[in-house]
Amino acid sequence: MNTTLAVALAGMVVVAAVGLLGRRRPAADLAEWSVAGRRFGAVTMWFLQAGETYTTFTFLGLAGLAFTGGVAATYAIPYIPLACLVWYFIGPRLWRLGRRHNYLTQADFYEERYRSKALGTLVAVCSVVFMLPYLQLQITGLGLIIRLVTHDRGSGIWAMVVGTVLTAAFVLWAGIRGTAATSYLKDALMLAAVAIVVVAVPLHVSGGLGRAFREVARAHPAMLTLHAGPTDQVWWFTSMLASFLGSAFFTLPALWPALLSARSVTSLRRNWMMLPVYQLTLVLPMAIGFVAIVALPKGTSGDGVLLTLAGQAVPDWLLGLIAVAGASAAMVPASVMVLAMSSNIVRNVIRVGDARAQIRINHVVVLIILASALGMELVRPNALANLLLITFSGLVQFAPGLIAGLAERPWLGRAAVIWGIVAGEGFAVWAAFWKVDLAHVNAGLPALGLNIAVAVVVEAVTRIPRRGRSEAMEDELAVSSLP
């Protein structure tokens with residue numbers, strides 16, 4: 001075993017150990033396990049929410065997208081700052097509803113607001129189906145990190161298995177408190193690793209970051225514009241818009257545990273004011289992608305450019321620490337994803353009543369979900385950047401139902417929301433898996449348009465009999481009041 005692999009594996013064990021130590025006492029019920037009894041303060045909330053910025057997609061996927069698509073990678077910068085503006089105003093309303101009605105999951109909101117268990121089940125199932133690719137992305141990245149630093153495909157497969165097992169261990173043992181504990185360590189490691197790479201790699205490869213960008217401008221000027229191709233202006237705008245809508249309206253189930261576990265609205269709003277600044281650090285891995293344009297031959301796999309260049313610029317032990325940071329960027333987000341997904345299934349699909357039974361069955365569901373994501377990666381691997389867009393294409397279909405449900409009396413009926421989601425998800429699945437040519441438009445947007453159109457039509461049709469029944473009741477009341 002070489003030095004890099006030894007450091008990387010030891011670091012993964014340390015990350016899991018920190019997660020295991022996050023547990024204070026055995027969780028008595030799903031509320032304690034999934035939202036920590038709604039007692040997290042501002043600092044913990046910051047690390048939970050800011051931690052979503054740095055995932056495997058950020059660490060490897062953005063550098064790869066900059067290498068293959070140039071400035072198209074910048075689509076990932078504006079959507080979270082824009083989403084924070086929306087969160088600042090609708091987040092407190094969701095938090096208060098969660099307190100009042102005891103929400104533990106994303107699907108609880110839809111089920112309670114529309115008085116429909118069928119809608120809650122639909123949202124829970126769809127959230128798991130479309131989050132699986134994002135969870136798979138984390139496992140993909142974990143294996144890729146170890147494979148790149150060891151130059152051994154077999155070690156990458158074992159790293160995926162070990163990382164998945166370690167993630168399952170601290171999620172099952174400590175729940176969201178384990179995720180919160182590891183978030184502190186993960187963010188510190190990630191920022192340190194990216195800072196080291198963004199300094200060491202350009203100096204080693206091209207004599208500095210400024211010189212690298214001048215060389216890109218001279219030899220590859222098209223990479224500094226949104227040029228024609230798979231990542232053109234249409235792709236950039238629609239991918240950014242779909243990601244913004246999906247984030248702004250809490251369509252990702254992984255956004256709900258942090259929201260619902262907050263102690264106060266003040267903690268949430270304070271973080272949402274600061275998150276846009278933190279998002280600017282995404283420029284750092286993108287910069288490595290531009291350095292790779294002049295340092296690596298065309299046709300190199302984009303997903304591995306950051307670690308390939310880091311391996312050339314730093315000693316083995318330091319490369320191992322960078323790999324630990326990358327592994328933590330996979331394990332920690334994966335933990336909150338699987339926590340949110342399993343809670344949705346147990347609470348809104350299986351619907352176990354007994355508190356202890358909920359915890360036991362939840363643990364089984366966690367293992368099934370993680371095993372499914374690992375199996376998907378071993379059988380059907382995909383490019384990192386594309387997996388995230390598949391997730392947003394499907395989950396953004398929840399946005400109309402959330403917006404309509406914010407009012408005291410929802411603007412739409414349950415039938416309209418259900419059939420809108422079914423139509424939108426059907427289109428998104430068809431476009432994604434049958435490789436439909438949409439002229440580089442993100443599939444989630446036309447699917448969302450169909451979703452809204454179907455919801456409006458169904459609402460119009462169902463309101464006619466409702467209006468008729470209401471008028472009939474008024475007539476009866478009027479008649480009964482006559483002397």
Side-chain angles (χ1 to χ4, degrees), residues 4 50 53-81 141 144-145 148-149 186-227 229 231 236 239-240 275-329 384-385:
T4 302
T53 296
Y54 271 98
T55 65
T56 305
F57 170 72
T58 310
F59 191 61
L60 298 181
L62 280 183
L65 192 54
F67 174 67
T68 57
V71 295
T74 59
Y75 94 91
I77 296 177
Y79 73 81
I80 289 296
L144 182 60
I145 288 164
L148 287 169
V149 298
K186 189 265 287 187
D187 272 22
L189 287 171
M190 280 298 307
L191 290 177
V194 172
I196 290 169
V197 170
V198 85
V199 172
V201 167
L203 286 175
H204 176 80
V205 172
S206 59
L209 200 56
R211 183 174 294 179
F213 272 94
R214 287 194 294 272
E215 181 61 21
V216 171
R218 183 192 66 80
H220 308 279
M223 302 302 279
L224 300 177
T225 64
L226 291 171
H227 52 278
T231 52
W236 188 96
S239 296
M240 187 279 293
L275 277 179
V277 177
Y278 191 70
Q279 193 74 3
L280 294 176
T281 60
L282 296 184
V283 171
L284 301 179
M286 290 181 197
I288 300 303
F290 282 98
V291 173
I293 293 172
V294 297
L296 296 175
K298 189 175 181 179
T300 301
S301 173
D303 293 336
V305 297
L306 187 146
L307 286 174
T308 298
L309 291 178
Q312 299 174 6
V314 301
D316 287 349
W317 67 269
L318 187 52
L319 182 61
L321 289 178
I322 293 170
V324 172
S328 69
L384 296 182

Provide the full list of side chain to side chain donor-acceptor pair (under 3.5 Å) pairs with a residue in [range], sequence neighbours left out, each pair given once.
| range | answer |
| --- | --- |
| residues 211-224 | Glu215-Arg218 |
| residues 58-69 | none |
| residues 275-284 | Thr53-Gln279, Tyr54-Thr281, Asp187-Tyr278 |

Intermediate values then yes/no, side-chain contact (heavy atoms from CB on, under 4.5 Å), Trp236 and Thr231:
CA-CA 6 Å; Trp236 188 96; Thr231 52; over 6 Å; no
Which atom pairs, one a donor and one an acceptor, fall under 3.5 Å between side chains of residues 305-323 and the rest of the protein, sequence neighbours left out?
unit_1 : atom_1 : unit_2 : atom_2 : d
Thr308 : OG1    : Gly304 : O      : 2.7

For residues [X] and [Y], report the shortest heavy-atom separation together with the two atoms involved.
| X | Y | answer |
| --- | --- | --- |
| Ala329 | Met190 | CB-SD, 3.6 Å |
| Tyr79 | Met240 | CB-O, 3.8 Å |
| Ser328 | Leu189 | OG-CD1, 4.3 Å |

Going by atom type alone, with no hydrogens or angles, which donor-acceptor pairs under 3.5 Å involve a side-chain atom of residues 284-301 and a protein atom two or more places apart or on another chain?
unit_1 : atom_1 : unit_2 : atom_2 : d
Thr300 : OG1    : Pro297 : O      : 2.7

Nearest-0.5 Å distance that lies between atom CG in Leu280 and atom CD1 in Ile80:
12.5 Å
Rounded at 0.5 Å granularity, tell me how far CG in Leu144 sits from OG1 in Thr56.
9.5 Å
Set of ring-ring contact (aromatic ring centres under 6.0 Å, His included) partners for Phe59, sequence neighbours left out
none
